[in-house]
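As structure tokens, the structure follows; a few thoughts come after it.
Numbers for residues simply follow the sequence, beginning at 1.
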Amino acid sequence: MSSTREFDIIVYGATGYTGRLVAEYLCQEYGNDSQLRWAMAGRSQSKLEAVRDEIGAPASTPLVVADTSDLASLQAMVERTKVVLTTVGPYQLYGPELVRICAETGTDYVDLCGEPAWMRQMIDAHGETAKQSGARIVFSCGFDSIPFDLGVYFLQQAAKEQLGCALPRVKGRVRKMKGTFSGGTAASLKATMAAAKANPEIFKLLANPFALTPGFTGPAQPPAMKPEYDESLGSWAAPFIMAAINTRNVHRSNALLGHAYGEDFVYDEMLLTGPGEQGEAIANTVAGDKSLASDDAPKPGEGPSKEERETGFYDVLFIGEATDGRSLKASVAGKRDPGYGSTSRMIAESAICLVRDATDTQGGIWTTAPAMGDKLIKRLQEHAGLTFKLEP
């Protein structure tokens, strides 16, 4: 159905902070690729024209005016493209109709969502429709949760090859990270907290590690909610703020892969803060940090300077253990700051991967590992500055 579409990708939200970075990346990385047909979309024609000129995109770059509050404009936008790449969040406020229209029209969809309760609502409401129409809807195509979802997948693939079995226990540990969280992340957190306050069912979903695997509940998972000392790594570890979404996506990937990691799979994530008293002090500071939920948190549209984006980085270690005690380690590292510089590249490559590489993936609501797996890992390493490797 989507083969006759005018565009391969429409970047919806191109005048916002992250959407603009996505458009700039497509322009720089794929500007000479005449086979990739993409357009910029947003609420204001004049703002779209200004961003197009500021990022150095050709004057011929197509611009599409669409607004979440105008369903006819959303429908018209969706019907023109193979993939909608949306950076317009919080998704629970601005995403429901867009997901519905994509599911109904067989249009692929990628976003940066870190809102598990809303994602579950979309799975329940539109999962079957997407399967029928052929729409591949893939949430969480940024720092949450690509390095983690694909990191676990990469480790498990290596374990099958080298150890002959899956790893029922994996620890994800952020070794290094320099960068800031986006205003969109802060807004999503606040919207989620407000929704949970109003509806106890949402609170229950947020607390459930298997919130995104309807009909399946696995074993108890480590809470990872307070500082702890990790003997095996010789370092203190603090709660990691993205764990609440990443762990849910990893469990959904496992389920969608036919429980390739096992039905008894246990996974948690923490942030390493170093050894000794200093490591403990940093871990306690991180655990007590509520700045993302405060009034001083970044606002949507705000973000770091170009220099801050380009000097950022992250490095995540994955340690897996088999039932017989054998272990395997892998790491995923990224250039540029996680929340903006790297995220804008990851979501762009996810959209291109759906169009060009993962053509045999069926319709449905997916996570990145089962939808794109090795194809997306290859693309991220070739274009987006990520590295996936096994460690001694």
* **Close side-chain approach of Arg100 to Thr129, heavy-atom, < 4.5 Å** => no

* Can you check whether Val78's main-chain N or O pairs, donor with acceptor, with Thr81's side chain at less than 3.5 Å? -> no

* Asked: For Trp38 and Cys27, what are the C-alpha separation, side-chain angles and deciding distance, and is it a side-chain contact (heavy atoms from CB on, under 4.5 Å)?
  -> CA-CA 9 Å; Trp38 66 281; Cys27 181; 4.1 Å; yes

* Asked: Backbone N or O of Thr86 within a donor-acceptor pair of the Tyr91 side chain at under 3.5 Å?
  -> yes

* Taking only residues at least two apart or on different chains, which pairs with a member in residues 382-392 satisfy side-chain hydrogen bond (donor to acceptor under 3.5 Å, both in side chains)? -> Glu29-His383, Tyr30-His383, Arg175-Glu391, Ser331-Glu391, Lys378-Glu382

* Would you find a donor on one side and an acceptor on the other, under 3.5 Å apart, between the side chain of Asp149 and the backbone of Ala369? -> yes

* Asked: Between Arg5 (side chain) and Val83 (backbone), is there a donor-acceptor pair under 3.5 Å?
  -> no

* Asked: Within a radius of less than 6.0 Å around CE of Met193, do more than 12 heavy atoms belonging to other residues, nucleotides or ligands occur?
  -> yes

* Aromatic centroids of His259 and Phe265 separated by under 6.0 Å -> no

* Taking all heavy atoms of Ala130 and all of Ile137, pick out the closest pair and write down the distance. => CB-CD1, 4.2 Å

* To do: State the SG-CE distance between Cys141 and Met372, to the nearest 0.5 angstrom.
  => 5.0 Å

* Asked: So, does Arg120 use its side chain to make a donor-acceptor pair with the main chain of Ile202 at under 3.5 Å?
  -> no

* Contact summary for Leu48 and Ala14, nearest pair of heavy atoms -> CD2-CB, 4.1 Å

* To do: Check the pair Arg356 / Leu36 against side-chain contact (heavy atoms from CB on, under 4.5 Å), numbers first and verdict last.
  => CA-CA 9 Å; Arg356 292 190 165 173; Leu36 187 71; 3.6 Å; yes

* side chain to side chain contact (heavy atoms under 4.5 Å, CB included) partner of Arg336, chosen from Lys178, Glu308, Arg345 -> Arg345

* Which atom of Val170 lies closest to which atom of Gly320, heavy atoms considered -> CG2-CA, 4.1 Å

* Is the count of non-hydrogen atoms from other residues, nucleotides or ligands lying under 6.0 Å from Asp324 atom CG greater than 12? -> yes

* Quick one: CG on Leu93 to OG1 on Thr68, what's the gap to the nearest 0.5 Å? -> 10.0 Å

* Structure fact -> All heavy atoms of Ser46 vs all of Ser44, minimum pair found to be OG-OG, 3.1 Å

* Structure fact -> Note: Pro168 and Ala322 closest approach over all heavy atoms is CD-CA, 3.9 Å

* To do: State plainly whether one hydrophobic cluster holds both Ile241 and Trp118, where clusters connect Ile, Leu, Val, Met, Phe, Trp and Tyr through side-chain heavy atoms under 4.5 angstrom apart.
  => yes

* To do: Enter the distance from Cys102:SG to Gln75:CD here, rounded to the nearest 0.5 Å.
  => 9.5 Å

* Asked: Do Ile365 and Arg252 come close enough that some side-chain heavy atom pair is under 4.5 Å?
  -> yes

* Find out whether Gln92 and Gln121 are in side-chain contact, i.e. whether some heavy atom of one side chain is under 4.5 Å from a heavy atom of the other. => no

* To do: Would you confirm whether Ser140, through its side chain, and Leu112, through its main-chain N or O, come within 3.5 Å as a donor-acceptor pair?
  => no

* Taking it one step at a time, do Glu49 and Arg52 satisfy salt bridge (charged side-chain N to carboxylate O under 4.0 Å, His left out)? -> CA-CA 5 Å; Glu49 289 169 359; Arg52 176 196 63 198; 5.3 Å; no

* Asked: Is the side chain of Thr361 donor-acceptor paired with the backbone N or O of Ala371 at a distance under 3.5 Å, no angle test?
  -> yes

* To do: State whether the side chain of Asn254 and the backbone N or O of Gly262 hold a donor-acceptor pair below 3.5 Å, judged by distance alone.
  => yes

* Asked: Under a 4.5 Å side-chain heavy-atom rule over Ile, Leu, Val, Met, Phe, Trp and Tyr, are Tyr109 and Leu74 clustered together?
  -> yes

* For the pair Phe318 and Val332, evaluate side-chain contact (heavy atoms from CB on, under 4.5 Å) and give the outcome as yes or no after the intermediate values. => CA-CA 8 Å; Phe318 298 92; Val332 179; 3.8 Å; yes

* Looking only at atom types and distance, does a side-chain atom of Arg80 sit under 3.5 Å from a main-chain N or O of Ala76, one as donor and one as acceptor? -> no

* Please work out whether the ring planes of His251 and Phe210 are parallel, tilted or perpendicular, with thresholds of 30° and 60°. => tilted

* **Path from Met270 to Tyr267 over hydrophobic side-chain contacts below 4.5 Å** => no

* Side chains of Ser188 and Glu115: do they bring a donor and an acceptor to under 3.5 Å? -> yes

* Asked: Are Met242 and Ile282 co-members of a hydrophobic cluster defined by side-chain heavy atoms under 4.5 Å apart?
  -> yes

* For the ring pair Tyr12 and Tyr94, is the centre-to-centre distance below 6.0 Å? -> no

* Dump the intermediate steps for side-chain contact (heavy atoms from CB on, under 4.5 Å) on Arg169 and Asp268, then the final yes or no. => CA-CA 9 Å; Arg169 173 69 175 115; Asp268 72 327; 3.0 Å; yes

* Asked: Is the Phe143-Tyr340 ring centre distance short of 6.0 angstrom?
  -> no

Atom pairs and distances, side-chain donor-acceptor, residues 152-160, under 3.5 Å, sequence neighbours left out:
residue	atom	partner	partner atom	Å
Tyr153	OH	Asp374	OD2	3.2
Gln156	OE1	Leu167	N	2.8
Gln156	NE2	Leu167	O	2.9

* Is it the case that more than 12 heavy atoms not belonging to Lys47 sit under 6.0 Å from its NZ atom? -> no

* When rounded to the nearest 0.5 angstrom, what distance separates CG in Leu212 from CD1 in Ile123? -> 5.0 Å

* Closest approach of Leu380 to Leu150 (non-hydrogen atoms, all atoms of both residues) -> CD1-CD1, 3.8 Å

* Working for salt bridge (charged side-chain N to carboxylate O under 4.0 Å, His left out), residues Arg136 and Asp108 -> CA-CA 5 Å; Arg136 287 94 55 85; Asp108 296 344; 2.9 Å; yes

* Asked: CE/Met77 to CG/Asp67 distance, rounded to the nearest 0.5 angstrom?
  -> 10.0 Å

* **Crowding at NZ, Lys190 (>12 non-hydrogen neighbours, <6.0 Å)** => yes

* Asked: According to a 4.5 Å side-chain heavy-atom criterion applied to Ile, Leu, Val, Met, Phe, Trp and Tyr, with indirect links allowed, do Val355 and Val64 form part of one hydrophobic cluster?
  -> yes

Name the atoms and distances for all side-chain donor-acceptor pairs under 3.5 Å in residues 271-278, with sequence neighbours left out.
residue	atom	partner	partner atom	Å
Thr273	OG1	Trp236	O	3.3
Thr273	OG1	Gly279	O	2.8

* Examine distances only and state if a side-chain atom of Asp230 and a backbone atom of Leu233 form a donor-acceptor pair shorter than 3.5 Å. => yes

* **Criterion salt bridge (charged side-chain N to carboxylate O under 4.0 Å, His left out) on Glu349 and Arg379, from CA distance to verdict** => CA-CA 7 Å; Glu349 293 298 339; Arg379 188 166 275 288; 3.1 Å; yes

* Asked: Can you check salt bridge (charged side-chain N to carboxylate O under 4.0 Å, His left out) on Asp337 and Arg309, steps first, answer last?
  -> CA-CA 5 Å; Asp337 80 299; Arg309 291 197 306 270; 5.4 Å; no

* To do: Measure the spacing between CG of Leu376 and CD1 of Ile146 and express it to the nearest 0.5 Å.
  => 5.0 Å

